[in-house]
Amino acid sequence: MRKTMRNIIRITSIATTIALIPISATSSALTLPEQRTGDLDSLGTSRSNEERSSGLSAEANSAERSSPGSLVSITWSVKNEGGDHVDFNWPQGTSYMYNNSTSYSGVTIINEGTKYHPLMDSNGECLCSGNTSLEMKNSLKPGEKVAYWSMFSVPSDVDTITLEIPGFDPIEDIPIS
């Protein structure tokens with residue numbers, strides 16, 4: 001079962017930003033990923049393109065726009081396809097100085113040459129999976145698949161994006177629903 005906007009507001013790091021963005025607190029269009037990964041859709045997959053991500057695969061699971069609005073929540077996942085325990089702790093971004101240094105702020109999206117970085121709340125926290133969210137898991141067992149999320153502000157006329165996760169090839173042509 002997906003969390004509704006009412007549940008999102010309960011997450012402290014997101015509540016501050018949402019209070020500043022004009023969307024209804026009763027909207028159910030904007031959701032965060034579930035902890036379970038077995039029933040996630042696949043909008044595209046990607047292979048490792050660096051040594052540090054060897055044995056891992058990435059997948060785009062959903063791209064959902066708030067209604068109405070420019071907020072886009074991306075659910076993405078990483079699977080350990082190897083036989084060894086793997087640390088997945090490198091997708092921090094360096095373009096912006098987020099306060100939560102242990103976050104996946106390096107995950108970005110692109111549309112027609114414009115790169116979008118995850119939103120930052122008024123406390124400087126990345127609105128993405130990280131140490132201030134419930135979805136932080138930076139260690140994967142063999143065969144384990146973990147879902148993560150990132151939130152972006154994207155113009156309302158954008159209907160497809162490319163997801164870039166550090167260490168993986170880009171996942172292209174992801175439709176925004």
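- A pairwise comparison of heavy atoms in S105 and P118 identifies O-CD, 3.4 Å as the closest pair.
- A distance of 12.0 Å separates SG of C128 from NE2 of H117, quoted to the nearest 0.5 Å.
- Residues H85 and S139 bring a donor and an acceptor atom of their side chains to less than 3.5 Å of each other.
- In terms of modelled atom types and a separation under 3.5 Å, the side chain of N80 and the main chain of K141 share a donor-acceptor contact.
- Between the NZ atom in K145 and the CG atom in L140 there is a gap of 11.5 Å [rounded to 0.5 Å].
- No side-chain donor from either of E64 and S73 sits under 3.5 Å from a side-chain acceptor of the other.
- Across all non-hydrogen atoms, the minimal contact from N61 to D41 is ND2-O, 2.8 Å.
- Here the CD-OG distance, from E59 to S57, works out to 7.0 Å after rounding to the nearest 0.5 Å.
- By the side-chain contact (heavy atoms from CB on, under 4.5 Å) test, S70 pairs with S153, sequence neighbours left out.
- Under the rule for a side-chain contact (heavy atoms from CB on, under 4.5 Å), D84 has no partner lying at least two apart in sequence or in another chain.
- A pairwise comparison of heavy atoms in G83 and P142 identifies O-CG, 3.3 Å as the closest pair.
- Side-chain N or O atoms of N123 include none that pairs as donor or acceptor with a backbone N or O of E125 at under 3.5 Å.
- Considering only residues two or more places apart in sequence or on other chains, R52 meets the salt bridge (charged side-chain N to carboxylate O under 4.0 Å, His left out) condition with E50.
- T45 pairs by the side chain to side chain donor-acceptor pair (under 3.5 Å) definition with nothing, not counting sequence neighbours.
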Compile the donor-acceptor pairs under 3.5 Å between side chains in residues 154-165 and protein atoms, sequence neighbours left out, one pair per line.
{"unit_1": "E164", "atom_1": "OE1", "unit_2": "T108", "atom_2": "OG1", "d": "3.3"}
{"unit_1": "E164", "atom_1": "OE1", "unit_2": "K115", "atom_2": "NZ", "d": "3.2"}

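- Of all non-hydrogen atoms in V78 and F88, the two that sit nearest each other are CG2-CZ, 3.6 Å.
- Considering only residues two or more places apart in sequence or on other chains, S48 meets the side chain to side chain donor-acceptor pair (under 3.5 Å) condition with S53.
- Distance CG/L56 to NZ/K79: 11.5 Å, rounded to 0.5 Å.
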Residues 166-177 side chain polar contacts: donor-acceptor under 3.5 Å, at least two apart:
{"unit_1": "D169", "atom_1": "OD1", "unit_2": "N49", "atom_2": "ND2", "d": "3.3"}
{"unit_1": "S177", "atom_1": "OG", "unit_2": "A63", "atom_2": "O", "d": "3.3"}

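- For the salt bridge (Lys or Arg N to Asp or Glu O under 4.0 Å) condition, no pair includes a residue of residues 66-75, sequence neighbours left out.
- A search for side-chain contact (heavy atoms from CB on, under 4.5 Å) contacts involving T114 returns Y116, not counting sequence neighbours.
- Here the OH atom belonging to Y104 is positioned 11.5 Å from the SG atom belonging to C126, to the nearest 0.5 angstrom.
- Interatomic distance, CZ of F152 versus CG of L71, reported as 11.5 Å (0.5 Å rounding).
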